[in-house]
Trainee: 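Okay, handing you the structure first.
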Amino acid sequence: MADFKLLKPPVEGAKITTKNGKLQVPDNPIIPFIEGDGTGPDIWRASVRVFDASVKKAYAGKRKIAWFEIYAGLKALQKYGNDNVLPEDTIEAIKTYLVAIKGPLTTPVGGFPYVCLSCAAEQGDSPKNRPKKCIKCGSEWITPRFRSLNVGLRQRMDLYACVRPVRWYQGVPCPVKRPDLLNIVIFRENTEDVYAGIEFENGSDEVKKVLKFLSEEMGKKIRQDSGIGIKPISVTGTKRLVKKAIDYALSHQRKSVTLVHKGNIQKFTEGAFRDWGYELAKEAYRDTVISEKELWDQFNGNMPAGKILIKDRIADQMFQQILLRPDEYDVVATPNLNGDYISDAAAAQVGGLGLAPGANFGDEIALFEATHGTAPKYTGMDKVNPSSVILSGVMMLEHLGWQEAADLIVSAIEKSILQKRVTYDLERQMEGASKLKTSEFADALIENMD
């Protein structure tokens with residue numbers, strides 16, 4: 001049993017374990033959760049009721065999740081003290097129990113900003129001009145803000161694959177004519193690329209050293225007033241990500257895997273991602289994978305039975321393709337930054353991030369998460385759409401092997417949308433819809449579970 005500083009695991013419940021690489025899930029698994037910042041508490045209160053209702057109904061009360069609250073972001077600051085936004089307790093709990101789920105967490109943008117512990121108001125300023133009181137609520141304590149906690153969680157536990165399924169639910173208003181044609185699963189590398197966080201601030205001693213090295217040792221001329229970021233992409237990071245994407249395609253009867261890259265410009269990083277992806281496919285899946293070139297050279301474009309097609313697309317071309325020819329794409333594998341853009345752009349085609357689930361996978365650990373932000377202006381208003389966390393929970397239930405409970409939730413979401421019983425984000429786009437609060441939408445889902 002892990003030795004936690006402030007956490008107390010539930011008395012009832014059992015650990016999920018692994019055997020020969022496969023999850024061993026008890027009927028009462030302990031699953032840690034992070035409520036989230038901003039609208040996170042509203043969303044979580046609704047979501048957990050939906051999860052519990054689906055499990056109870058699917059298994060006649062024979063299975064039940066033992067929820068275990070852990071902390072990150074503003075709630076961690078309140079519990080663990082100043083600057084401790086990602087406690088070791090939280091990391092240890094997820095490592096111990098293997099499966100966890102989280103709501104949205106505050107993510108900073110640029111500069112020297114601060115965030116108020118009491119009300120989450122943001123204040124951007126330099127360290128020298130740090131305010132003594134919160135500009136919004138007058139609180140005496142304002143704590144330095146921080147880099148992305150989502151990135152931190154992924155890097156600390158080597159959760160190298162961000163997986164985002166994107167599909168349309170009938171009745172959801174969309175900006176495209178045929179949203180039903182888009183049904184893709186995006187595998188985004190999580191630990192490398194510009195998200196590795198290796199960067200040096202303009203004017204700092206560190207950046208001066210980097211600029212001097214690049215100029216004197218490498219012969220590269222860069223403006224001296226630049227900030228510098230480093231973009232690592234490795235053989236290891238690429239091949240394990242592509243392997244996970246191909247494994248998913250095989251286990252879910254998907255037809256193709258597309259490597260998305262900007263290798264026409266960044267030849268030794270993104271171009272290498274493409275080449276290493278093809279290498280992995282040939283090394284590990286020669287009998288089941290066929291390249292696009294082989295398809296046309298050997299089979300005249302006719303896909304042989306029992307094979308998965310592996311192909312690649314340049315990132316900017318892919319943005320056009322998922323709009324104009326979305327049904328030609330199935331599973332997508334891509335470096336970190338491309339995956340961030342593409343997953344959000346794809347979600348916009350089928351209703352937005354409010355209906356977009358996500359998960360982060362390592363070799364053993366899985367952390368499921370909302371894909372949207374904290375929406376602090378709606379904090380405590382019981383207003384926002386909880387479907388991103390709910391659908392991430394669907395992914396979690398599927399990961400546990402509890403497909404019956406997952407299917408109940410999906411069916412209930414589809415039914416509620418067709419009944420036009422939705423939260424404000426969808427209601428304002430749907431003629432004759434009933435606007436529900438976050439909690440009321442959860443009520444509707446539970447009512448609609450067949």
Side-chain angles (χ1 to χ4, degrees), residues 1-35 44 47-48 50-52 54-72 86-103 150 152-163 165 187 190-191 236 240-241 243-248 250-252 357-369 389 391-409:
M1 182 64 66
D3 184 18
F4 298 118
K5 181 179 179 181
L6 296 179
L7 296 178
K8 292 183 179 180
V11 176
E12 296 182 357
K15 285 174 57 177
I16 296 171
T17 58
T18 59
K19 184 177 181 180
N20 298 324
K22 294 185 178 181
L23 284 187
Q24 306 296 303
V25 182
D27 287 339
N28 58 342
I30 296 173
I31 296 184
F33 71 93
I34 298 170
E35 193 175 57
W44 179 255
S47 299
V48 73
V50 172
F51 302 149
D52 287 344
S54 69
V55 171
K56 183 177 180 179
K57 188 171 185 66
Y59 307 111
K62 294 179 181 178
R63 290 177 175 174
K64 183 179 181 180
I65 295 172
W67 297 106
F68 176 20
E69 185 171 13
I70 59 177
Y71 304 93
L86 186 55
E88 287 301 317
D89 272 3
T90 295
I91 300 297
E92 189 60 33
I94 298 173
K95 288 181 177 179
T96 298
Y97 295 102
L98 301 183
V99 175
I101 187 168
K102 60 177 281 296
N150 297 320
L153 283 162
R154 295 164 188 167
Q155 292 180 342
R156 288 288 305 277
M157 293 178 287
D158 200 24
L159 303 177
Y160 57 85
C162 178
V163 181
F187 281 71
N190 241 351
T191 63
T236 300
R240 66 182 183 175
L241 185 278
K243 181 179 188 303
K244 223 167 188 65
I246 295 176
D247 285 343
Y248 180 93
L250 289 168
S251 63
H252 289 77
N360 302 286
F361 292 95
D363 289 330
E364 285 193 339
I365 299 169
L367 174 61
F368 299 84
E369 65 178 357
V389 167
L391 288 168
S392 297
V394 167
M395 293 179 70
M396 182 187 73
L397 292 169
E398 291 175 339
H399 182 64
L400 298 179
W402 294 9
Q403 189 66 48
E404 298 86 356
D407 291 344
L408 278 175
I409 297 175

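In this text, all values refer to a predicted model and were calculated from it rather than measured experimentally.
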Trainee: With rounding to the nearest 0.5 Å, note down the distance linking NE2 in H399 to CG in L23.
Mentor: 4.0 Å

Trainee: With no hydrogens and no angle check, is any side-chain donor or acceptor of T96 less than 3.5 Å from a backbone partner on E92?
Mentor: yes

Trainee: Please identify each residue that fulfils side chain to side chain contact (heavy atoms under 4.5 Å, CB included) with D363, with sequence neighbours left out.
Mentor: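 Testing D363 for side chain to side chain contact (heavy atoms under 4.5 Å, CB included), a comparison that skips the adjacent residues, returns Y160.
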
Trainee: How would you list, by chain and number, every residue that makes a salt bridge (charged side-chain N to carboxylate O under 4.0 Å, His left out) with K244, sequence neighbours excluded?
Mentor: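 Partners of K244 by the salt bridge (charged side-chain N to carboxylate O under 4.0 Å, His left out) criterion come out as none, since no residue qualifies.
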
Trainee: Looking at E88 and R156, is any side-chain nitrogen of the basic one under 4.0 Å from a carboxylate oxygen of the acidic one?
Mentor: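 The answer is yes: the pair qualifies as a salt bridge.
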
Trainee: Indicate yes or no: at least one non-hydrogen side-chain atom of I65 is less than 4.5 angstrom from one of W402.
Mentor: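 The answer is yes, as the side chains (C-beta and beyond) meet within the 4.5 Å cut-off.
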
Trainee: Can a donor-acceptor pair be found between the side chains of E12 and N28 at a distance below 3.5 Å?
Mentor: no

Trainee: Look at the aromatic rings of F4 and Y97 and report parallel, tilted or perpendicular, splitting at 30° and 60°.
Mentor: parallel

Trainee: Can you give me the closest heavy-atom contact between L86 and G152, atom names plus distance?
Mentor: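 Smallest heavy-atom distance, with atoms named: CD2-C, 4.1 Å.
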
Trainee: Within the structure provided, determine whether V99 and P29 are in side-chain contact (heavy-atom separation under 4.5 Å).
Mentor: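 When only atoms from C-beta onward are counted, P29 and V99 do not touch, as no gap falls below 4.5 Å.
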
Trainee: Looking only at heavy atoms, what is the nearest atom pair of N360 and R154, with distance?
Mentor: OD1-NE, 3.1 Å

Trainee: Which heavy atom of G13 sits nearest to which heavy atom of A66, and what is that distance?
Mentor: CA-CB, 3.9 Å

Trainee: Taking all non-hydrogen atoms of both residues, which atom of N190 and which atom of A161 are closest, and how far apart?
Mentor: ND2-C, 3.8 Å

Trainee: Ring centroid separation for Y71 and F33, is it under 6.0 angstrom?
Mentor: no

Trainee: Do you know which two heavy atoms are closest between G103 and V389, and how far apart they sit?
Mentor: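 Looking at all heavy atoms of both residues, the closest pair is CA-CG2, 4.2 Å.
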
Trainee: Could you measure the distance from the CG atom of L98 to the CE atom of M157? Nearest 0.5 Å is fine.
Mentor: 11.0 Å

Trainee: How long is the gap from CD on E364 to NZ on K22, to the nearest 0.5 Å?
Mentor: 14.5 Å

Trainee: Flag the pair M395 / V163 as yes when at least one side-chain heavy-atom distance between them is below 4.5 Å, and no otherwise.
Mentor: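 Side chain of M395 against side chain of V163, heavy atoms only: contact under 4.5 Å found.
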
Trainee: Roughly how far, to the nearest 0.5 Å, is the CD1 atom of I94 from the CZ atom of F68?
Mentor: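 The CZ atom of F68 sits 10.0 Å away from the CD1 atom of I94.
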
Trainee: Give, for atom CG of L367 and atom CE of M396, the distance between the pair rounded to the nearest 0.5 Å.
Mentor: 11.0 Å

Trainee: Is there side-chain contact between L153 and E369, with heavy atoms separated by less than 4.5 Å?
Mentor: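 Answer no - side chains too far apart.
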
Trainee: My understanding is that only residues two or more places apart in sequence, or in another chain, count here; which of them pass side-chain hydrogen bond (donor to acceptor under 3.5 Å, both in side chains) with S392?
Mentor: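 By the side-chain hydrogen bond (donor to acceptor under 3.5 Å, both in side chains) rule, S392 matches no residue at all.
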
Trainee: How many angstroms lie between atom CD1 of I409 and atom CD of E398, to the nearest 0.5 angstrom?
Mentor: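 Nearest 0.5 Å value for the CD1-CD distance: 9.5 Å.
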
Trainee: Which pair of non-hydrogen atoms, one from A93 and one from L7, has the smallest distance, and what is that distance?
Mentor: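 For A93 versus L7, the nearest heavy atoms are CB-CD1, 4.2 Å.
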
Trainee: Between W67 and I101, is any pair of side-chain heavy atoms under 4.5 Å apart?
Mentor: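 Yes, close enough: below the 4.5 Å cut-off.
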
Trainee: Within a strict 4.5 Å, meaning less than it, do heavy atoms of the R240 and T191 side chains meet?
Mentor: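 Answer yes - side chains close enough.
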
